[in-house]
Trainee: 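There's a structure below that I have some questions on.
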Amino acid sequence: MTRIWSQNSYCIRRKVGALLVKNHMIISDGYNGTPSGFENICEDENNETKPYVLHAEANAITKVAKSNNSSEGATLYVTAAPCLECAKLIIQAGIRRVVYCEKYRIDDGIRLLERAGIDVCFVECDFDFENR
């Protein structure tokens, strides 16, 4: 489902989706993109990601913060390995498990999550949007 949700992103370079699940229910979702009210253009004229683009994890966590739900003890499913900044948000949000399916060349976010005692699980997935 996170792969499908990632397709909502307007980002060209990379599309990432995230779902927060608690008690077998989706309590929040997110995909990478610009903040609410901004143009839906993630890259600048040099094809660099704009500095204010939010990651999918950050969008899911801030969305649940605006709701009546709590992410305490939840599982975060995300298409890409969380970065260091998102790992800090995940820890502070009380998320207890992270499942991801795309490794990233920098693994400091994953290492921080493991250090914090969060259950981190890499799952092989080969869903191909081009040939579905």
Trainee: Is the side chain of K22 donor-acceptor paired with the backbone N or O of S70 at a distance under 3.5 Å, no angle test?
Mentor: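 Present.
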
Trainee: Would you call R111 and E114 a salt bridge, taking side-chain N to carboxylate O under 4.0 Å as the test?
Mentor: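 Here R111 does not pair with E114 in a salt bridge, since their nearest N and O are not under 4.0 Å apart.
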
Trainee: So does N23 have more than 12 non-hydrogen atoms from other groups sitting under 6.0 Å from CG?
Mentor: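 Counting neighbours around CG of N23, 12 or fewer heavy atoms of other residues, nucleotides or ligands fall under 6.0 Å, so no.
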
Trainee: Look only at the side chain of R97 and the backbone of Y77, and say whether a donor-acceptor pair between them is shorter than 3.5 Å.
Mentor: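 Flag not set: sc R97 to bb Y77 has no pair under 3.5 Å.
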
Trainee: State, to 0.1 Å, how close W5 and A18 come at their nearest heavy-atom pair, and which atoms those are.
Mentor: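 Heavy-atom minimum between the residues: CD1-O, 4.0 Å.
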
Trainee: Backbone N or O of L19 within a donor-acceptor pair of the T2 side chain at under 3.5 Å?
Mentor: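 Between the backbone of L19 and the side chain of T2 there is no qualifying donor-acceptor contact (under 3.5 Å).
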
Trainee: Please find the pair of heavy atoms, one from G17 and one from S6, that lie closest to each other, and give the distance.
Mentor: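 What the structure gives for the nearest pair is N-CB, 3.3 Å.
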
Trainee: Verify the neighbour count for atom CG of N46: are there more than 12 heavy atoms of other residues, nucleotides or ligands below 6.0 Å?
Mentor: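 Atom CG in N46 is crowded, with more than 12 foreign heavy atoms closer than 6.0 Å.
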
Trainee: Give me the atom names and distance for the closest heavy-atom approach of S71 to V64.
Mentor: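 Shortest heavy-atom contact: CB-CG1, 4.0 Å.
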
Trainee: Give a yes or no on whether the backbone of V78 and the side-chain of E57 come within a donor-acceptor separation of less than 3.5 Å.
Mentor: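 Flag not set: sc E57 to bb V78 has no pair under 3.5 Å.
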
Trainee: Give the minimum heavy-atom separation between R14 and S9, together with the two atoms involved.
Mentor: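 Result for this residue pair: O-OG, 4.4 Å.
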
Trainee: Please report the interatomic distance CG(L112) to CD1(I91), rounded to the nearest 0.5 Å.
Mentor: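 Reported value, rounded in 0.5 Å steps: 4.0 Å.
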
Trainee: Could you pull out the closest heavy-atom pair between K15 and T79, with the gap in Å?
Mentor: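 Closest pair (atom of K15, atom of T79, distance): O-OG1, 4.1 Å.
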
